[in-house]
Amino acid sequence: MMILGVLYRILSTLLELYGLAIIIYALMSWVPQAYSSKFGQLIGRIVSPLMNTIEDHVPSIFGLSFAPVIALLVVGGLQWLLRMVFNLF
């Protein structure tokens, strides 16, 4: 049982960090040239696969992308699912 608790904590922490990376990625759009910095490129490599997939299916409205909001909802849903799965054990 202890191993499952550790596994849950690791996966939960990774999802929380991924959600934080999505927020940072979205906020970087307000800063000119933020995406071209080394930190911006790192965050972009981490977050871009999910963001690009969402942007392919959900169009922006009046130039506003809702991909970060949807990505955070996906991460939140995965966290909920993880909690439900580990509550079974």
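Note that the structure is predicted; figures quoted are calculated from it, not measured.
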Where at least one partner belongs to residues 37-74, residue pairs that pass ring-ring contact (aromatic ring centres under 6.0 Å, His included), sequence neighbours excluded = none
message = If hydrophobic clusters are built by linking Ile, Leu, Val, Met, Phe, Trp and Tyr wherever their side-chain heavy atoms come under 4.5 Å apart, do L72 and V69 end up in the same one?
response = no
remark   = The complete set of side-chain hydrogen bond (donor to acceptor under 3.5 Å, both in side chains) pairs with one or both residues in residues 7-35, sequence neighbours excluded, reads Q33-S36
Considering only distance and modelled atom types, tabulate donor-acceptor pairs under 3.5 Å from the side chains of residues 73-85, sequence neighbours left out.
none

Minimum heavy-atom distance between I22 and A71, given as atom pair plus value = CD1-CB, 3.7 Å
remark   = CE (M2) and CG (L7) are apart, to the nearest 0.5 Å, by 13.0 Å
note = With sequence neighbours left out, the residues meeting side chain to side chain contact (heavy atoms under 4.5 Å, CB included) with A21 are I43, V47
ask   = What pair of heavy atoms forms the shortest contact from G44 to P49, and how long is it?
value = O-CD, 4.4 Å
Minimum-distance pair of heavy atoms, taken over all atoms of G40 and M28 = CA-CE, 3.3 Å
task = Heavy atoms only: give me the nearest E55-S65 pair and the separation to one decimal.
result = OE2-OG, 3.5 Å
ask   = Given the rule that I, L, V, M, F, W and Y join up when any side-chain heavy atoms are under 4.5 Å apart, are L17 and I24 in one cluster?
value = no
request  = Please name all residues satisfying side chain to side chain contact (heavy atoms under 4.5 Å, CB included) with D56, sequence neighbours left out, ordered by chain then number.
outcome  = none
